[in-house]
Chemist: 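Shown below is the structure under consideration.
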There are 2 protein chains.
Amino acid sequence: MSALAEVFREHGYEGASLSLLSKATGLGKGSLYNFFPGGKEEMMEAVLADIDSWFATTIFAPLEQAQDPAAAVTSMIEDVTAYFRSGRRVCLVGCIGLNSSGATFAIRIRSYFARWISALVQCLETAGVPTSPAEQIAEEVVSGIQGAIVLARALGDDAAFLRIIHRQHSTLLDAIARMPPQSA
Amino acid sequence: MSALAEVFREHGYEGASLSLLSKATGLGKGSLYNFFPGGKEEMMEAVLADIDSWFATTIFAPLEQAQDPAAAVTSMIEDVTAYFRSGRRVCLVGCIGLNSSGATFAIRIRSYFARWISALVQCLETAGVPTSPAEQIAEEVVSGIQGAIVLARALGDDAAFLRIIHRQHSTLLDAIARMPPQSA
DNA sequence: GCCATCTTGTACCGATCGGTACAAGATGGT
DNA sequence: ACCATCTTGTACCGATCGGTACAAGATGGC
């Protein structure tokens with residue numbers, strides 16, 4: 001399963017040929033089509049669903065139910081840094097959304113980013129940050145992470161990813177720290 | 001020429017088939033291979049060179065030779081917003097760098113971003129911003145633009161692109177305004 | 001008008017694409 | 001042990017891939 005994801009990540013949807021997918025999974029085409037009768041499209045859909053659920057439990061839910069907002073955003077930053085391997089690993093959802101092959105998965109892509117932003121907003125609001133700046137900051141951070149991936153990949157420079165992500169982290173902590181502690 | 005670029009932008013390198021390229025340009029395969037004997041790779045190389053030169057004259061050079069840094073960054077923001085069509089249009093250089101097909105063009109991709117950042121640093125330094133924060137800000141802004149494209153595309157929301165870019169603009173102007181005006 | 005050069009369309013190449021058919025091999029309930 | 005079901009590999013399908021060959025058609029210097 002994660003082998004499929006890695007092929008799509010590295011080669012994109014069009015570039016991920018069945019032979020690559022077959023080789024990466026160690027399964028023959030027969031097996032692949034047994035599990036995914038819908039072919040490549042269904043494989044991608046399954047991979048996206050897998051990613052979605054991983055983010056939902058690891059990233060989104062903790063943010064949404066955070067008791068300690070500062071700790072929640074710190075742990076998000078850590079998880080994201082580990083997940084994207086400091087920018088060496090690409091965000092499949094963001095990637096697919098860029099070219100026309102992603103039109104098929106538009107709803108899923110949109111909801112992935114929408115929920116990420118809304119989870120972050122919710123976390124900031126828990127910390128007492130008013131809605132309007134919270135929305136701005138959340139949007140900026142999620143966008144900033146995607147930008148960091150693009151730039152780090154292009155420059156082949158992991159350190160750049162870490163620097164940018166660190167700055168997003170500071171932005172979040174500053175916003176939280178500025179607010180009077182709320183007793184939920 | 002720009003027709004080729006648009007196909008690569010929209011479908012990626014792998015997804016841009018010769019039939020698509022042929023249809024987009026109105027030229028037959030024979031003509032295409034007459035101009036680009038190296039095939040698809042040479043076409044992409046030419047497109048990247050074209051983009052590179054456009055950015056060099058329109059974006060990079062004005063930043064590097066800016067007399068009025070504030071005006072220079074403002075005009076950069078305007079040009080970039082127009083060029084990327086408020087996030088509807090994708091950054092081909094950033095895109096290609098994400099998946100493995102971009103390995104062939106790694107040097108060109110790297111130098112595109114490196115020069116963009118260095119041009120921005122130079123502009124900020126002209127305004128009297130010390131090197132260290134200038135590098136941080138430049139990196140953040142270039143990365144932020146890429147992130148804005150990814151997010152706006154994913155959400156199908158031009159307004160998000162404009163909001164994020166506006167914030168990057170403010171960051172640049174703030175950094176410049178904080179410094180005592182320098183007489184070059 | 002003539003000829004060399006440049007440009008174009010069409011036909012074609014082997015390879016690979018995504019996808020199907022199907023028979024042989026595992027698997028597990030009884 | 002038996003049989004139905006699930007799983008797998010292989011062979012194969014038409015379509016399209018990137019790329020080539022080449023002859024007919026434009027073009028322009030002279």
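The shown structure was predicted, so the numbers you read here are calculated from the model rather than taken from an experiment. Chain A is the first sequence line, chain B the second, and so forth, proteins listed ahead of strands; every chain is numbered from 1.
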Chemist: Identify, with sequence neighbours excluded, every residue that meets ring pair (Phe, Tyr, Trp, His ring centres under 6.0 Å) alongside B/Tyr83.
Modeler: B/Trp54, B/Phe55
Chemist: Using a 3.5 Å limit on both pairing distances, list the dot-bracket string of DNA chain D from the 5' end; Watson-Crick and G-U wobble pairs count, crossing pairs take [ ], interstrand pairs take |.
Modeler: ||||||||||||||||||||||||||||||
Chemist: Using heavy atoms and a sub-4.0 Å distance, could you list which residues of residues 15-22 of chain A are near DNA chain C? By number, please.
Modeler: A/Ala16, A/Ser17, A/Leu18, A/Ser19
Chemist: Tell me the interatomic distance from A/Tyr33, atom OH, to C/dA23, atom P, rounded to whole angstroms.
Modeler: 21 Å
Chemist: In chain order, what residues pass the salt bridge (Lys or Arg N to Asp or Glu O under 4.0 Å) check against B/Glu10, with sequence neighbours excluded?
Modeler: B/Arg153
Chemist: For A/Phe105, what residues pass the ring pair (Phe, Tyr, Trp, His ring centres under 6.0 Å) criterion, not counting sequence neighbours?
Modeler: A/Tyr13
Chemist: Measure OH/B/Tyr13 against P/D/dC17 and give the value in whole Å, please.
Modeler: 14 Å
Chemist: With a 4.5 Å heavy-atom cut-off, do B/Ser143 and A/Val150 have their side chains touching?
Modeler: no
Chemist: Contact list please: residues 99-108 of chain B against DNA chain D, heavy atoms, distance less than 4.0 Å, in numerical order.
Modeler: none
Chemist: Go through the structure and list residues passing salt bridge (Lys or Arg N to Asp or Glu O under 4.0 Å) with B/Arg163, not counting sequence neighbours.
Modeler: A/Glu139, B/Asp157
Chemist: Output every pair passing salt bridge (charged side-chain N to carboxylate O under 4.0 Å, His left out) with a member in residues 76-90 of chain B, not counting sequence neighbours, ordered by first then second residue.
Modeler: B/Glu6-B/Arg89, B/Arg88-B/Asp158
Chemist: Under the salt bridge (charged side-chain N to carboxylate O under 4.0 Å, His left out) definition, can you give me all pairs with a residue in residues 62-72 of chain B, not counting sequence neighbours?
Modeler: B/Glu64-B/Arg115
Chemist: Looking only at side chains, do A/Thr74 and A/His169 share a donor and an acceptor under 3.5 Å apart?
Modeler: yes
Chemist: If we only count heavy atoms from C-beta on, is the B/Met76 to B/Pro62 side-chain gap below 4.5 Å?
Modeler: no
Chemist: I need the full list of salt bridge (charged side-chain N to carboxylate O under 4.0 Å, His left out) pairs touching residues 30-51 of chain A, with sequence neighbours left out, sorted by first then second residue.
Modeler: A/Glu45-A/Arg108
Chemist: Do A/Arg110 side-chain atoms and B/Leu155 backbone N/O form a donor-acceptor pair below 3.5 Å?
Modeler: yes
Chemist: Round to the nearest Å and state the distance from A/Leu32 atom CG to C/dC17 atom C1'.
Modeler: 15 Å
Chemist: Please give, in whole Å, the distance from D/dG18 C1' to B/Phe36 CZ?
Modeler: 16 Å
Chemist: For each nucleotide in nucleotides 4-11 of chain C, reading 5' to 3', give B when a protein heavy atom comes within less than 4.0 Å of its base, S when such contact involves only the sugar-phosphate, and - otherwise.
Modeler: ---SBB--
Chemist: By the definition side chain to side chain contact (heavy atoms under 4.5 Å, CB included), identify the one residue from B/Ile117, B/Ile137, B/Val80 that meets it with B/Val142.
Modeler: B/Ile117
Chemist: Quick one: list whatever passes side chain to side chain contact (heavy atoms under 4.5 Å, CB included) with B/Ser170, sequence neighbours left out.
Modeler: B/His166
